[in-house]
Amino acid sequence: MTPPTPFPGDPPITPELVRDHNLTDEEYQRIEAMLGRAPSFAELGVFSALWSEHCSYKHSKPVLKTFPTAGPQVVQGPGENAGVLRLPGGWAVAFKIESHNHPSAVEPYQGAATGVGGILRDVFTMGARPVALLNSLRFGPLDEARNRYLCAGAVRGVGDYGNCVGVPTLGGEVDFGPGYSGNPLVNAMCVGLLREQDLITAAAHGVGNALLVLGSRTGRDGIHGASFASEELTQESERRRPQVQVGDPFTEKLLLEASLELIASGHIVAIQDMGAAGLTSSSAEMAARGGVGVEIDLARVPTREPGMTPYEILLSESQERMLVVAKAERLPQIQAIAAKWELTATPIGRVTDDGMYRATWKQRVVVEIPGQRLIEDCPVYSPAAEEDPEIRRRRAQRPSPESPVPSPAEALLRLLDHPAIASKRWVYEQYDSTVRAGTVIGPGGDAGVIRVRDAAFGIAVTTDGNARYVLLDPFEGGKAAVAEAARNIACTGARPLGITNCLNFGSPERPAVFYQFREACRGIADACRALDTPVTGGNVSFYNESPTGAVDPTPVIGMVGLVGRVDRAVPSHARARGDVVFLVGETHAELGGSVLWEALYGLVAGTPPRVDLAVERRLVDFLATGAERALFRSAHDCSQGGLGVALAEVAMGGPYDETGFGLEIDLTTYGGRLAAVELLFSESQGRAVLTSAPDRAAAVTALAAELGVAVSRVGTVGERGGSVGLRLRDAHVAHPVDRLREVYFCAIPRRMGD
């Protein structure tokens with residue numbers, strides 16, 4: 001293959017330069033064999049980006065193939081910008097979650113903001129209008145100033161971008177732990193609605209069709225963003241700050257509207273976000289999907305900085321840009337639509353029939369690589385996997401018998417004040433959750449619910465994960481993440497449809513980390529099969545390591561469900577005096593991995609609770625069926641903090657309800673021989689707290705018997721602003737709701753200094 005013409009100023013290819021591009025000696029030899037020569041500097045950059053872990057999944061592909069991805073509800077599975085599931089009436093829902101962890105570690109505001117921008121584009125490139133955003137955030141302990149800075153910046157970045165674009169943030173989760181101090185996790189999820197017949201994919205086709213850049217000009221921000229996301233964070237990572245992309249949500253809104261209009265117009269055949277690796281990934285991936293070649297003249301790409309080189313233009317991750325494949329004869333119409341939205345659509349190349357990925361600078365060829373091989377011949381690794389003996393030691397560990405044990409009443413307050421459990425109102429009140437007027441249930445409950453305009457049904461959305469369980473037993477932890485997401489969806493009255501996932505782990509080159517990843521994925525796969533929730537796509541984020549070590553293994557599940565009648569969506573808080581309180585499911589002595597042990601003893605240890613997937617499936621069916629029959633006034637998942645926290649949350653009401661309801665609960669005959677602390681704070685899976693109107697109580701019990709679900713009638717809802725009274729065999733817990741609310745809603749603001 002004829003070598004490309006060197007571009008003036010390009011450095012010579014040396015072993016040091018290859019290592020700087022995060023390519024191994026073996027990978028570089030593979031590149032030379034493919035090309036039959038040494039690569040040019042621009043080609044080296046292309047391979048560095050597309051063969052990075054972030055773009056190629058070279059350590060995770062074999063494991064990801066074990067996920068169930070098919071089902072009658074699946075319209076589009078993995079491999080596209082977003083997954084798509086079928087809804088009634090010709091509607092469909094597109095959704096995906098991705099990470100922006102490394103950028104957020106060095107520039108939290110822009111790192112988080114551009115994470116939101118990127119996931120929005122992944123969804124509207126499918127032809128879907130974004131209707132909801134969610135997120136999953138992890139930070140180090142808030143008693144450290146650096147962690148408070150990262151938390152405040154990331155939350156503000158998430159909120160500002162979504163608010164400016166005008167998409168409601170309906171839910172999410174926030175957790176804290178020492179393992180995230182050097183490496184926060186910022187995962188963003190977007191959900192969009194489309195008519196199934198309007199789905200568009202990102203496969204280039206049509207020899208002679210034009211390639212156009214739509215949206216912002218290309219700058220030097222974000223260069224090597226994909227490779228940055230594929231390396232460990234070090235003390236030198238702060239120098240990466242200039243490489244973090246800078247977002248413009250107002251341009252994003254224009255780009256959204258222009259893209260949807262172009263898709264509807266029929267003038268274009270494919271469209272893709274210039275996300276990780278920018279123009280390089282979008283053009284190469286679109287060509288490979290369509291089995292065609294592309295030729296791009298980099299001198300025609302609109303830039304915002306003078307003197308940009310081909311290398312920089314190819315690898316820039318400047319935001320708010322799309323690559324469009326268009327019918328050549330439709331350029332005037334396309335440019336007119338772009339101009340309507342105050343954007344430019346600039347032709348930069350064409351689809352070819354020779355299968356080559358070619359980039360030129362005017363008449364000079366600077367990149368020429370076999371296109372299909374560029375994408376498909378990246379090496380795939382099968383790393384060693386072995387559990388860390390330290391984790392086995394932790395599973396066997398228990399609190400010291402000499403450790404002080406507070407009363408159940410005091411323990412409940414300690415848990416409500418713990419950042420893992422305390423209300424995240426300080427976070428989500430910075431997000432607009434009601435814009436577009438489709439929100440039925442907003443943040444602060446089990447899952448968000450949004451109506452589909454002019455339809456009787458709606459969709460429920462959630463993100464869930466529990467790194468404590470995954471750290472101690474990744475297989476059970478993976479199952480638990482899916483099961484909790486399904487319970488949260490079902491508590492609103494929805495039936496789970498499918499998931500997207502964001503898998504956040506340390507370096508896959510360490511056997512202990514890859515063991516965590518492999519086993520967590522095995523648990524996720526088993527749970528998805530049992531609950532009929534296929535995996536439609538997602539993101540693997542490896543190398544989440546800093547000088548202090550790897551983050552806790554944190555697979556996050558984003559789930560979508562169908563609410564058959566949105567007018568019967570079920571909130572999570574008590575709503576009427578005199579209602580009957582039910583506990584669904586069984587409680588066992590399972591304090592391993594609990595927030596109680598962490599809050600009281602600083603201990604993440606023990607055997608985490610086991611997940612019975614058959615029980616979980618019956619519970620989901622019971623919750624959804626009961627909601628369809630209008631049997632429940634409220635339903636709330638029982639998870640972190642156990643039954644005590646769940647009952648307190650049911651009583652305290654929503655974030656802006658200043659009173660809540662008292663509860664009178666009698667557990668003297670519930671839970672067998674469990675001690676009070678086990679009964680209240682065990683985190684056994686497969687449980688929920690329900691309230692029902694008294695005249696529906698018998699129907700609740702009958703449905704539970706019909707579906708094989710354990711249900712116990714344990715109390716009643718009391719007066720507004722009353723107290724929560726829990727009668728136990730050997731203890732009594734009573735707190736005024738005002739006191740619970742004060743602790744629960746003020747814990748995070750107090751730590752953040754607000």
Side-chain angles (χ1 to χ4, degrees), residues 63 138 175-180 383-403 405 411 415 418 420-421 464-484 503-508 510-527 544-545 548-557 586-613 615-616 638-642 674-675 677-687:
V63 175
R138 298 290 193 283
D175 206 346
F176 305 88
Y180 305 109
E386 184 177 356
E387 185 174 31
D388 187 343
E390 168 62 17
I391 300 302
R392 291 196 291 272
R393 187 191 67 79
R394 278 202 188 196
R395 274 202 303 275
Q397 191 177 0
R398 301 292 184 271
S400 167
E402 287 77 37
S403 299
V405 180
L415 283 174
H418 193 274
I421 286 175
D464 285 289
N466 190 314
R468 298 169 187 82
Y469 298 169
V470 182
L471 177 69
L472 295 168
D473 187 330
F475 175 65
E476 289 295 331
K479 287 163 57 180
V482 177
E484 181 175 357
L503 308 173
N504 306 274
F505 290 82
S507 169
R510 295 205 292 119
V513 169
F514 198 76
Y515 174 86
Q516 293 171 333
F517 172 75
R518 187 193 69 190
E519 291 301 293
C521 289
R522 185 166 68 91
I524 290 169
D526 281 4
N544 288 290
E545 304 215 7
T548 60
V551 298
D552 290 341
T554 312
V556 174
I557 303 299
E586 298 179 351
T587 301
H588 307 284
E590 294 179 298
L591 289 173
S594 67
V595 181
L596 181 79
W597 282 6
E598 182 181 62
L600 297 186
Y601 313 115
L603 188 64
V604 178
T607 301
R610 292 291 182 249
V611 180
D612 186 325
L613 293 172
V615 168
E616 297 286 356
C638 185
S639 54
Q640 291 195 123
L674 295 180
V677 70
E678 295 169 333
L679 181 61
L680 289 183
F681 307 119
S682 165
E683 295 184 6
S684 294
Q685 301 291 287
R687 298 181 298 161

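Using a cut-off of 4.0 Å between Lys/Arg side-chain N and Asp/Glu carboxylate O, E683 and R468 are scored as not salt-bridged. With respect to K479 and E616, no salt bridge is recorded, no charged nitrogen being found less than 4.0 Å from a carboxylate O. A salt bridge links R610 with D473: at least one charged nitrogen is closer than 4.0 Å to a carboxylate oxygen.
Atoms SG and CD, on C521 and Q516 in that order, are 11.5 Å from each other to the nearest 0.5 Å. The CG atom of L596 sits 10.5 Å away from atom CD of E678, with the distance rounded to the nearest 0.5 Å. L471 CG to D388 CG: the interatomic distance, rounded to the nearest 0.5 Å, is 9.0 Å. Once rounded to the nearest 0.5 Å, the distance linking OH of Y469 with CD of Q685 reads 5.0 Å. Note that the OG atom of S639 and the CD1 atom of I421 stand 8.0 Å from one another [nearest 0.5 Å]. With rounding to the nearest 0.5 Å, the separation of CD in Q397 from CH2 in W597 is 8.5 Å.
In the displayed structure, E386 atom CD is contacted under 6.0 Å by at most 12 heavy atoms of other residues, nucleotides or ligands. Environment of CD in E586: sparse, with no more than 12 heavy atoms of neighbouring residues, nucleotides or ligands closer than 6.0 Å.
Proximity of a side-chain donor or acceptor of R518 to a complementary backbone N or O of V63 within less than 3.5 Å is not detected. With hydrogens and angles ignored, the 3.5 Å screen pairs no side-chain donor or acceptor of R522 with any backbone N or O of F475. The main-chain N or O of S507 is found under 3.5 Å from a side-chain atom of E545 such that the two form a donor-acceptor pair. Checking side-chain atoms of H588 against main-chain N and O of E590 turns up no donor-acceptor pair under 3.5 Å.
In terms of heavy atoms, T587 sits closest to L679 at CG2-O, 4.0 Å. Residues V604 and L472 approach most closely at O-CD2, 3.9 Å, considering heavy atoms.
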Which is it for E598 and L415 under the side chain to side chain contact (heavy atoms under 4.5 Å, CB included) test, yes or no, and what are the steps along the way?
CA-CA 9 Å; E598 182 181 62; L415 283 174; over 6 Å; no
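Scored by the side-chain hydrogen bond (donor to acceptor under 3.5 Å, both in side chains) test, S594 finds no partners at all (sequence neighbours excluded). Applying the side-chain contact (heavy atoms from CB on, under 4.5 Å) criterion to A520, with sequence neighbours excluded, gives V470, P474, F505, P555.
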